[in-house]
Number of protein chains: 4
Amino acid sequence: MPHDYLTDVPDDVRERAGRVRLVAFDVDGTLTDGRLWYGEGGREIKLFHAHDGLGIKRLHAHGIEVAFITARVSHALSERARDLGITHVYQGQDNKRASLTELLDALGLKAEQAAFVGDDLPDLAPMRMAGLAVAVANAHPWIVEHAHWQTRRRGGEGAAREVCDLILAIQDKSDTEREHWL
Amino acid sequence: MPHDYLTDVPDDVRERAGRVRLVAFDVDGTLTDGRLWYGEGGREIKLFHAHDGLGIKRLHAHGIEVAFITARVSHALSERARDLGITHVYQGQDNKRASLTELLDALGLKAEQAAFVGDDLPDLAPMRMAGLAVAVANAHPWIVEHAHWQTRRRGGEGAAREVCDLILAIQDKSDTEREHWL
Amino acid sequence: MPHDYLTDVPDDVRERAGRVRLVAFDVDGTLTDGRLWYGEGGREIKLFHAHDGLGIKRLHAHGIEVAFITARVSHALSERARDLGITHVYQGQDNKRASLTELLDALGLKAEQAAFVGDDLPDLAPMRMAGLAVAVANAHPWIVEHAHWQTRRRGGEGAAREVCDLILAIQDKSDTEREHWL
Amino acid sequence: MPHDYLTDVPDDVRERAGRVRLVAFDVDGTLTDGRLWYGEGGREIKLFHAHDGLGIKRLHAHGIEVAFITARVSHALSERARDLGITHVYQGQDNKRASLTELLDALGLKAEQAAFVGDDLPDLAPMRMAGLAVAVANAHPWIVEHAHWQTRRRGGEGAAREVCDLILAIQDKSDTEREHWL
């Protein structure tokens, strides 16, 4: 594991990451830096990161399911999901634990096979339910407290990519991934 | 208080925060990073932070009044206030102390029951009047000098959330808040 | 001088700042963070900082002339200048030294009475001519080498404000300025 | 070499940089900070840096070829290339090594005369082929591992400028360049 953020991954996190078949991401503050645009047409704008996009596509290519679960509703997220080939998109969800439960049922997976990546209090419930709870670098302190692992990069700046890299590395897919790009 | 920015809060600040019934926020540089958009339709755009929004909504839910007081006028702020359910919005205010005084009178509160959060010289007068004066991390040095407390995060990046968390923690509302999200 | 960035100002810089009657600012990288917007209507957008705007207005109020000198042309800068009451705006200037010379002649000032604030090589010639040459924190190394003083903040994040504060402080206008806001 | 990022350049990198006749840049994450805009008309927006633009123009003026090679397609990049006078623009390239090979053939250059600057896995193949492989500060760890040199600045914040400065300095063009601006 040649990623600096993957050195010294605790055994407990390795075991949890090894079981993951679904990674669910919060959106604002996790896939973005948490800034919300207001004003003339600005409401719809979200900035996603190229590194996260590549990680999500590769995770998906290796057979791991990916979902986006958010309390807000935006056309921007729908477009992003379409570009990445992600079909599990839950928008306008006040109860993210319910969304995650619904998705797990639909996929025939157990909670311990899910990872949830978040940054603020509405993510607390699905994180406590998921087998692997990840907090981004800029997460609220209560979220960090409940996370099994915390990324080094902030939301919208590559935090999601670290989660993708972690899971591929732990599940021994890094070598085939590396060959894919050489 | 498990927030890293709430450890070692001085006794004087704890007493001041304990009396707060109204938190008034400056906008540019405090709820945003202070960047002003110029150009084709860009004038109206402001970027607020998701963490601040959640903190403000929860503070409000616990019965603390919230106000926005700014020298500028923008549709973006009006929209943001509406989304957060904040009705005390003072735009185009050259004299922020007068705005704060007017609001305190309307609410039947004393100055010592108000907190004012700011970042630059027009915030100096209302900060000197308020029971709790807070400077954001990126505030002008003269503002820091007059503040009782300074946030660790910069304006537009979660500074307002720290103030909300401080007041809820000092007023013993953190436990019920935490239960709300678990 | 209670500004952290104004402690330990060398005697040479103090003498130079004491003579300044005109402050000329480069725009991209100095009043902005140097990012240039490309795309659908985006070309016109510039982000200026609220702290810089206040400093420039107050410097002007104390009788110091202010100018913007830039190689580019944008409606955004014209709007910003109008909002700040700045009339000396030189856009589309390939030779910034010539622009500065022209302005000094028009104002009846000597080069030693001018400060020039910049960040990259086209600013080198006017900086070498001006009595006080200032490089912003993120300036190119060759610019830093030729500067009498360097700001702690980056362009577009308050660098210009530090220059305004420096000149007002050295010219003994800080006390009246402070009274203005208390 | 008065640039702080050009002190202690290893001999191997100096030799590689001395042979460079073409510098090919990836775009998102290398010439930008990697953020992708989604939403109302936002898809087309890219933010390039003024420092990078100047470096690229000067590198070009000294007879070094410059190319942009990217997997995405945007009008924003076409506009940027036009402004900088760059005609070698490869958009929508899934195989960047093939694009670089094609360009080298067209220019009659060898791979050891090319530099490739990138930040993520699709840049790995052209970087391994090029005589000088450069990773930006925020590059993915696997990219850093395969780079001969890494910039101190992040993509979109002056990383490309450091590469331009490196090549001009190593090829003894810094003195004439400096005279150009004094």
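Below, read A as the first sequence line, B as the second, and so on, with proteins coming before strands; counting in each chain starts at 1. Bear in mind the structure is a predicted one, so any value in this text is a computation, not a measurement.
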Would you mind reporting whether A/Leu6 and D/Pro141 have side-chain heavy atoms less than 4.5 Å apart?
-> no
Is it the case that more than 12 heavy atoms not belonging to A/Lys57 sit under 6.0 Å from its NZ atom?
-> no
Checking heavy atoms, do the side chain of A/Glu157, its backbone, both or neither come under 4.5 Å from chain D?
-> side chain
Do A/His49 and D/Asp33 pass the side chain to side chain donor-acceptor pair (under 3.5 Å) test, and can you show the C-alpha distance, the side-chain angles, and the key distance before you say yes or no?
-> CA-CA 8 Å; A/His49 201 281; D/Asp33 65 2; 5.9 Å; no
Before giving the answer on side chain to side chain contact (heavy atoms under 4.5 Å, CB included), spell out for D/His140 and A/Leu54 the whole-Å C-alpha distance, their side-chain angles and the decisive distance to 0.1 Å.
-> CA-CA 11 Å; D/His140 189 268; A/Leu54 186 61; over 6 Å; no
Among A/Ala76, A/Gly156, A/Gly158, single out the residue with the greatest number of heavy-atom pairs under 4.5 Å to chain D.
-> A/Ala76
Inspect the surroundings of CG in A/Asp105 and state if more than 12 heavy atoms from other residues, nucleotides or ligands are less than 6.0 Å away.
-> yes
How far apart are the closest heavy atoms of D/Gly39 and A/Glu79, and which atoms are they?
-> N-OE2, 3.6 Å
Side chains of A/Glu177 and D/Trp142: closer than 4.5 Å at any heavy-atom pair?
-> yes
Part of A/Asp52 within contact of chain D (heavy atom distance under 4.5 Å) = neither
Closest non-hydrogen atom pair between D/Tyr38 and A/Asp83, with its separation | OH-OD2, 2.7 Å
A/His51 side-chain N/O to D/Arg35 backbone N/O, donor-acceptor pair under 3.5 Å | no
Residue pair D/Leu124 / A/Trp181: nearest heavy atoms and the distance that separates them | CB-O, 4.0 Å
So, the part of A/Arg58 with a heavy atom under 4.5 Å from chain D: the answer is neither
Which value, rounded to the nearest 0.5 Å, describes the distance between D/Leu36 atom CG and A/Arg80 atom CZ?
-> 5.0 Å
Heavy-atom distance under 4.5 Å to chain D: side chain of A/Leu47, backbone, both or neither?
-> both
D/Asn138 and A/Arg153 have their tightest heavy-atom pair at O-NH1, 3.5 Å
Considering only heavy atoms, which portion of D/Ala139 lies under 4.5 Å from any heavy atom of chain A: side chain, backbone, both, or neither?
-> backbone
